[in-house]
Amino acid sequence: MHWIDKIARLLLRRGKRHVVASGISVSGPIHIGHCNDVFIADGIRRAVGELSGKAEAFWYADDYDPMRRIPWPLNEKGLAEKYRQYLGMPYIDIPSPDPDYKNFVDYFARPFIESLRDFGVKVKIYSGAGIYRGGKMAGLIKTALEHADKIRAILNKYRLEPLPQDWLPYDAICEKCGRMATTRTFAWHDNCVNYKCEGCDYASGCGHEGEADYTKGEGKLTWRVEWPARWKLLKVTCEPFGKDHAVVGGSYDTGKIIAKHVFKYLAPYPVPYEWVSLRGSRMSSSKGVVFTPPQWLEIAEPELLRHFIFRSKSTKAKDFDPGLPLLDLYDEFDLVEQVYFGEVKTSDRREKQLKRIYELSQLRKPSKKPVQRVPFRFATVLTQVMRDEKHAIEVLASKNILTKPTRVDIKLAIHRLSCAGNWVSKYAPERLRFKVAEELPFEAVRCLTEKQKEGLAQLAADLSSREYTPVELHNHIYEVGKKIELKASELFKAVYLALLGRESGPRAGNFISALDKEFVISRFKKVISS
RNA sequence: GGGCCCGUAGCGCAGUCUGGCCAGCGCACCGGCCUUUUAAGCCGGGUGUCGCGGGUUCGAAUCCCGCCGGGCCCGCCA
């Protein structure tokens with residue numbers, strides 16, 4: 001059974017209605033590693049629903065935390081100076097570097113939130129700042145303040161250095177300088193928490209002493225208390241989270257205890273997950289080592305990222321490499337799809353697992369009919385020679401890659417071709433790139449022998465006298481070589497030199513078929529008369 | 001100091017929860033074929049002490065204990 005379904009079953013043993021939480025701190029560019037979080041939450045929501053439970057999922061933007069590091073690209077020269085002043089302030093109060101976005105949070109979170117729909121993820125969106133400023137957390141904050149001693153005792157069990165006697169689980173925003181990380185709270189009464197803006201290790205305080213109204217969002221609960229409060233507020237029953245929170249004595253452990261003893265709430269069923277690395281190294285918002293969902297959609301279908309996440313256990317570390325390894329991911333996805341549609345056989349057990357992975361990779365219910373796909377490796381060649389979409393579809397049909405394609409098949413093919421085009425220009429190694437020479441490459445064809453020219457002349461003549469399928473054409477090159485007693489490899493070389501200006505290229509039959517015939521004939525003729 | 005994950009074929013991995021067709025998949029590789037350059041196709045081939053050592057069991061990659069190696073997280077804040 002797939003791990004998503006195991007979790008769904010466990011949840012249903014606890015109850016019928018479920019709320020699956022996800023969310024991250026909006027501290028910089030949101031990358032595909034963060035997709036684990038929402039995709040898993042959404043996947044569980046889906047699985048619970050399929051098992052006739054009631055479930056919803058949400059994504060919560062932690063946008064009311066203080067900025068402790070300036071993220072890429074705001075830490076680049078010019079901008080860094082400007083953003084230094086905002087250290088310690090809540091993300092929501094920091095301006096956007098781009099006027100098209102409302103603020104720092106909008107700038108980083110909107111591209112992510114907007115892409116969620118493209119990935120078939122159906123989640124409610126919450127904003128921490130919205131929750132606090134809307135006063136929704138007021139009651140829970142009061143409870144936490146009333147139980148400050150109890151909370152402090154719980155946390156101290158897990159700390160080397162105990163919290164101060166007057167510690168409160170609340171971080172106030174300084175009304176004078178707007179910073180949150182710099183304040184120290186020490187007392188409270190009615191709706192207000194007293195603080196002094198003293199500074200912290202990465203930002204200095206302004207010295208102001210004041211009162212923050214916690215019912216109006218003039219501050220927030222400290223993380224280890226906020227998390228359980230949020231569970232209670234939003235009735236969370238299940239939540240995936242990264243391994244940093246999952247550590248013994250970490251925020252889940254203390255959150256569970258605080259939830260039970262302070263908020264009288266059963267902690268959600270935890271789903272810890274491993275992180276996604278990029279080309280072997282940890283993604284880092286501050287260094288700009290990130291790969292984002294919109295970047296993903298440029299080079300691959302959304303189903304592929306879902307496949308990437310659901311194909312292995314959540315606790316398994318995953319590495320993503322948009323270079324050549326992406327091709328393997330494509331092949332694997334296509335293979336799983338063929339297994340789903342019964343076109344490829346495997347063991348019963350494996351088949352069951354793969355079919356479920358395929359379902360989870362889909363944005364909606366899978367198609368009833370088998371889907372025709374253009375192998376991505378081939379798409380990377382076709383996209384470099386095709387004249388237009390119509391022509392590309394003709395080529396695909398002539399090669400039997402698409403047989404009687406439906407409108408959907410054609411749409412998928414065109415989409416994959418555009419992904420392939422983007423991939424070739426952005427991530428492919430040089431050797432997979434080629435460009436048809438627009439003008440006769442004089443330098444390159446100068447070294448051609450008379451025999452090679454004779455071969456090209458023959459090919460040109462044959463091309464104009466009849467139609468060839470790609471395979472026929474490929475074979476025909478060998479026939480021509482035999483006829484004029486020229487080694488096939490020499491003739492291939494001549495073909496590539498004439499068209500590309502280099503000695504090798506994509507498989508010749510495919511390649512020439514994908515080009516305009518008259519263009520090829522005239523190019524060959526030009527070579528002969530050069 | 002504590003915790004988590006990983007260790008299965010040359011490489012990447014599935015299988016471990018629920019012990020018994022679990023010795024598998026992809027790529028690579030080897031042999032053969034297509035007169036067939038190329039990250040093209042077809043047919044055939046598994047190349048393995050399942051990290052090591054114990055234990056439980058009729059039976060262990062799978063469960064338990066110990067150890068080794070690699071990676072990561074926490075021990076500030078989130």
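These numbers were taken from a predicted model, which means no experiment stands behind them. Convention: sequence-line order gives letters A, B, ...; per-chain numbering from 1.
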Task: Donor-acceptor contact present, side-chain A/D63 to main-chain A/A129, <3.5 Å - done: yes
Is it true that the NZ or CZ of [X] lies under 6.0 Å from the centre of [Y]'s six-membered ring and within 45 degrees of the ring axis?
{"X": "A/R306", "Y": "A/F39", "result": "yes"}
{"X": "A/R230", "Y": "A/Y60", "result": "yes"}
{"X": "A/K243", "Y": "A/W275", "result": "yes"}

TODO: Please measure how far the P atom in B/A28 lies from the corresponding atom in B/A39, and state the result in whole Å.
DONE: 11 Å
Task: B/C27 to B/G46 separation - C1' atoms, rounded to the nearest Å - done: 14 Å
Open item on the list: Students often mix this up, so state it plainly: with edges at 30° and 60°, are the rings of A/H245 and A/W227 parallel, tilted or perpendicular?
Closed with: tilted
TODO: Please map the stems of RNA chain B, keeping only stretches of three or more Watson-Crick or G-U wobble pairs with both distances under 3.5 angstrom.
DONE: B:1-7 with B:68-74, B:10-13 with B:24-27, B:29-33 with B:41-45, B:51-55 with B:63-67
Task: A/E332 and A/H307 side chains, donor-acceptor separation under 3.5 Å - done: yes
Open item on the list: Any donor-acceptor pair under 3.5 Å linking the side-chain atoms of A/Y132 with those of A/E226?
Closed with: yes
Protein-nucleotides 62-64 of chain B N/O pairs under 3.5 Å:
none

Just the atom pairs and distances: protein N or O near nucleotides 24-26 of chain B's N or O, under 3.5 Å.
none

